Amino acid sequence: SRYFLGLALMIAGLLVTSAAWACSCSVPDPDTIVVNSSILFEGAMVNTRHLTPSDCDDGFCAQYVESTFRVDQAFKGTLGRTVALRYVPQDGVNCGPVFRMQQTLIVAAYLSTDGSYQVGSICSQGSGTFGHDRNRVFEALARFQQRLDVYQAAVDAAPGAPAPVINKARFLADTRN
């Protein structure tokens, strides 16, 4: 009986350890998150549903959830009062984000090739989806806007010149805008 108890404890320890390793990652800095996101907003999840294979073109979205978020303030991208986001939620095996109903937070997402907004892993969302780094996110947004303003100033300074327009377009493409 001691043997079986020891074996059971060892297996339980391995299961817990492997689940913890599954979501071990380094969180990118706010500048990287701002640049790599298509949309960035503050809001709260108000509705959620599990997707079925008929909800997507390739039929492989059955593990996905689609949640509707109320948008309180859009920081990047053009958003209405709500936005739908698709993601694989964290379940102990994968590293999906964790969202709670009516919990206000800052969320970053990217525009997928199928036209839906997708949220990456918990690693792409910052510390608790930016919960603890809010000022750093605002500073990163300000730096992003300053860079965009520099490109726009170059366009304005040389009307009709293609190079400033091309440079601004590259910046916008590289930053998913």
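Along the sequence shown, residues are numbered consecutively beginning with 1. Every value quoted in this text rests on a predicted model; they were computed, and no experiment measured them.
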- [ ] Find out whether T82 and F69 are in side-chain contact, i.e. whether some heavy atom of one side chain is under 4.5 Å from a heavy atom of the other.
- [x] no
Task: Heavy-atom check, side chain of V46 versus side chain of Q102, under 4.5 Å - done: yes
- [ ] Spell out, yes or no, whether L111 and I39 are grouped together once hydrophobic residues are joined by side-chain heavy atoms under 4.5 Å, including indirect joins.
- [x] yes
Task: Contact summary for D156 and P159, nearest pair of heavy atoms - done: O-CD, 3.6 Å
Open item on the list: With a 4.5 Å cut-off on side-chain heavy atoms, are E66 and H50 touching?
Closed with: no
Task: Flag, side chain of K168 to backbone of A153, donor-acceptor distance under 3.5 Å - done: no
Task: pair V150-R147: side-chain heavy atoms closer than 4.5 Å - done: no
- [ ] Identify the heavy atoms of I33 and A108 that sit nearest to each other, and give their distance.
- [x] CG2-CB, 3.7 Å
Open item on the list: Using the rule given for side-chain contact (heavy atoms from CB on, under 4.5 Å), can you reason through L105 versus F99, listing the C-alpha separation, both sets of side-chain angles and the distance that settles it, and then say yes or no?
Closed with: CA-CA 9 Å; L105 35 73; F99 298 114; 4.1 Å; yes
Open item on the list: Contact between R86 and S112 at the side-chain level, heavy atoms closer than 4.5 Å - yes or no?
Closed with: no
TODO: Mind listing the closest non-hydrogen atom pair of S67 and Y87 along with its distance?
DONE: OG-OH, 2.8 Å
- [ ] Carefully, step by step, assess R70 and T104 under the rule side-chain contact (heavy atoms from CB on, under 4.5 Å).
- [x] CA-CA 9 Å; R70 176 189 75 237; T104 300; 3.5 Å; yes
- [ ] Specify the closest pair of heavy atoms between N47 and M101, including all atoms of both residues, with the distance to one decimal.
- [x] N-CE, 3.7 Å
TODO: Indicate yes or no: at least one non-hydrogen side-chain atom of L40 is less than 4.5 angstrom from one of L141.
DONE: yes
Task: Residue pairs fulfilling salt bridge (Lys or Arg N to Asp or Glu O under 4.0 Å) with at least one residue in residues 30-41, sequence neighbours excluded - done: D31-R143
TODO: Any chance you could measure S38, atom OG, to Y110, atom OH, to the nearest 0.5 Å?
DONE: 9.0 Å
TODO: Identify the heavy atoms of Y117 and A84 that sit nearest to each other, and give their distance.
DONE: CB-O, 3.7 Å
- [ ] Starting from the C-alpha separation in whole Å, work towards a yes-or-no answer on side-chain contact (heavy atoms from CB on, under 4.5 Å) for F75 and E42.
- [x] CA-CA 8 Å; F75 303 117; E42 183 173 47; 3.7 Å; yes
Open item on the list: Could you walk me through whether R81 and V71 satisfy the side-chain contact (heavy atoms from CB on, under 4.5 Å) test, starting with their C-alpha distance in whole Å, then the side-chain angles of each, then the deciding distance to 0.1 Å, before giving a yes or no?
Closed with: CA-CA 5 Å; R81 295 171 58 108; V71 177; 5.9 Å; no
Open item on the list: Counting C-beta onward and ignoring hydrogens, is there a side-chain heavy-atom pair between V119 and V88 closer than 4.5 Å?
Closed with: no
Task: Same apolar cluster: F144 and F138, side chain cutoff 4.5 Å - done: yes
Open item on the list: Looking at every heavy atom in both D72 and G43, which two are closest together, and how far apart are they?
Closed with: OD2-CA, 3.7 Å
Open item on the list: Side chains of F41 and L85, heavy atoms from C-beta outward: is any pair under 4.5 Å?
Closed with: yes
- [ ] Could you grab the distance from atom CD of Q103 to atom CE of M45, nearest 0.5 Å is fine?
- [x] 8.5 Å
